[in-house]
Protein chains: 2
Amino acid sequence: MKKNSEKFGPSDKCPVRTVLDRLGDKWSVLVILLLGEKGSVRFSHIQKEIGDVSQKMLTITLKTLEADGIVSRHVFAEVPLRVEYRLTERGETLLPHIQQLSAWAEQNMRHILKDRKQYVA
Amino acid sequence: MKKNSEKFGPSDKCPVRTVLDRLGDKWSVLVILLLGEKGSVRFSHIQKEIGDVSQKMLTITLKTLEADGIVSRHVFAEVPLRVEYRLTERGETLLPHIQQLSAWAEQNMRHILKDRKQYVA
DNA sequence: CAGGATCCACATGGATACTG
DNA sequence: CAGTATCCATGTGGATCCTG
């Protein structure tokens with residue numbers, strides 16, 4: 001049993017923070033879900049599917065996920081250039097958890113949005 | 001079967017975005033995990049456990065979670081004032097998913113941090 | 001096509017002082 | 001104790017232009 005002071009507490013070695021903070025950005029979760037569903041997807045296709053992500057942010061998101069070993073990048077030396085992304089094995093182990101969270105969100109969103117409107121500060 | 005354009009796509013009714021974006025902030029996940037573990041916890045105790053969250057941000061986080069019906073607020077008219085927070089039923093249904101994600105993070109953090117360091121842009 | 005480089009707007013979040 | 005209010009620093013992310 002760990003001490004509580006380690007489980008939460010000042011950021012340093014807290015795994016929830018160091019790892020999950022990354023997933024808290026605007027696009028990572030979407031990308032992981034998309035790759036989990038589509039398999040190997042090229043840059044432009046990801047961008048079209050998501051619809052409103054800028055090139056810059058998609059690039060950053062993919063690089064960060066790649067740095068964390070969650071997605072892998074595959075370059076095809078064609079003309080025009082083609083680059084595809086897919087989940088790594090580590091990414092595949094993360095996927096079901098993201099999917100469950102997504103499913104929960106889908107099931108509860110209507111009630112939550114309703115509560116959110118009725119809530120008075 | 002839904003169209004893909006609805007599952008991801010421009011934010012409007014995407015449940016992942018509207019609901020999970022909130023959990024993507026800096027403190028919500030920590031608070032949910034803490035309440036899930038401790039049950040009913042008072043404001044100052046949450047702040048001490050987390051360690052480096054400001055009053056302002058903890059207040060905002062708790063209010064947002066309350067507005068979404070994930071935590072409930074209970075005031076005890078004592079002197080000095082005591083306010084306790086706990087997960088609602090909805091919050092309890094969310095908890096296991098967060099815990100699994102947290103467990104995944106804990107299991108993988110070492111390798112991820114290692115990869116992160118070795119990654120060259 | 002995939003992305004690098006800038007510049008810039010805004011939202012998030014911290015520090016501090018004050019209140020019921 | 002549990003907030004509220006304000007000011008301010010920074011990070012995140014968008015728009016635009018340019019390159020291999």
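To find a chain, count down the sequence lines: A is the first, B the second, and so on, and within it residues start at 1. Worth saying up front: this structure is predicted, and the values here are computed from it rather than measured.
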Exercise. Write down the atom of B:Thr88, the atom of B:Gly69, and the distance for their closest heavy-atom approach.
Key: OG1-O, 2.6 Å
Pairs under 3.5 angstrom, nitrogen or oxygen only, protein versus nucleotides 10-12 of chain C, please.
none

Quiz item: Are OP1 or OP2 of C:dA2 and a side-chain N or O of A:Arg42 less than 4.0 angstrom apart?
Solution: yes
Quiz prompt | Distance, rounded to the nearest Å, where A:Leu62 contributes CG and D:dG13 contributes P | solution = 13 Å
Quiz item: So how far off straight is the helix from C:dC1-D:dG20 to C:dG20-D:dC1, going by the axes through five pairs at either end, to 10°?
Solution: 50°
Quiz item: Does some side-chain heavy atom of B:Val53 sit less than 4.5 Å from a side-chain heavy atom of B:Lys26?
Solution: no
Quiz item: If you measure from the Lys or Arg side-chain nitrogens to the Asp or Glu carboxylate oxygens, is any gap between B:Glu84 and B:Arg86 under 4.0 Å?
Solution: no
Practice problem: Could you tell me the separation between the CD1 atom of B:Ile46 and the P atom of D:dC1, rounded to a whole number of Å? | Solution: 14 Å
Exercise. Check whether any side-chain heavy atom of B:Asn108 lies under 4.5 Å from a side-chain heavy atom of A:Val19, and answer yes or no.
Key: no
Quiz prompt | Phosphate OP1/OP2 of C:dA15 contacted by B:Ser54 side-chain N/O (<4.0 Å) | solution = no
Quiz item: Within this structure, what is the CG-to-P distance between B:Leu58 and C:dG14, rounded to whole angstrom?
Solution: 11 Å
Quiz item: Just wondering, do B:Leu101 and A:Ile98 contact through their side chains at under 4.5 Å, heavy atoms?
Solution: yes
Quiz item: Side chains of A:Leu62 and A:Trp27: closer than 4.5 Å at any heavy-atom pair?
Solution: no
Quiz prompt | Length of the CZ-P vector between A:Arg17 and C:dG13, whole Å | solution = 12 Å
Atom pairs under 3.5 Å, N or O on each side, protein against nucleotides 4-11 of chain D: can you list them with distances?
from	atom 1	to	atom 2	distance (Å)
D:dT4	OP1	B:Lys63	NZ	3.3

Quiz item: Are more than 12 heavy atoms from other residues, nucleotides or ligands located less than 6.0 Å from atom CD of B:Glu89?
Solution: no
Self-check item: For A:Arg22, side chain to side chain donor-acceptor pair (under 3.5 Å) partners two or more places apart
Solution: A:Asp68
Self-check item: Within residues 69-80 of chain B, residues whose heavy atoms come under 4.0 Å of DNA chain D
Solution: B:Arg73, B:Pro80
Quiz item: Where the side chain of A:Gln99 meets the backbone of A:Leu33, is there a donor-acceptor pair that is under 3.5 Å apart?
Solution: no
Exercise. Would you confirm whether B:Thr64, through its side chain, and B:Ile60, through its main-chain N or O, come within 3.5 Å as a donor-acceptor pair?
Key: yes
Quiz item: Separation of B:Ile50 atom CD1 from C:dG13 atom C1', in whole Å?
Solution: 14 Å
Exercise. May I have the distance from B:Asp21 (atom CG) to D:dG13 (atom C1'), rounded to whole angstrom?
Key: 13 Å
Self-check item: A:Ser44 vs C:dA2: side-chain N/O to OP1/OP2 distance below 4.0 Å
Solution: yes
Quiz item: Does some side-chain heavy atom of B:Arg17 sit less than 4.5 Å from a side-chain heavy atom of A:Leu30?
Solution: yes
Self-check item: Rounded distance in Å - CD1 (A:Ile60) to P (D:dG13)
Solution: 8 Å
Quiz item: Roughly how many Å is it from CD in A:Gln47 to C1' in C:dA2, rounded to a whole number?
Solution: 10 Å
Self-check item: Any B:Thr59 side-chain heavy atom under 4.5 Å of B:Phe43 side chain
Solution: yes
Quiz item: Less than 4.5 Å apart, any side-chain heavy atom of A:Leu35 and any of A:Ile46?
Solution: yes
Practice problem: Just jot down the side chain to side chain donor-acceptor pair (under 3.5 Å) partners of A:Ser72, sequence neighbours excluded, or say none. | Solution: A:His74
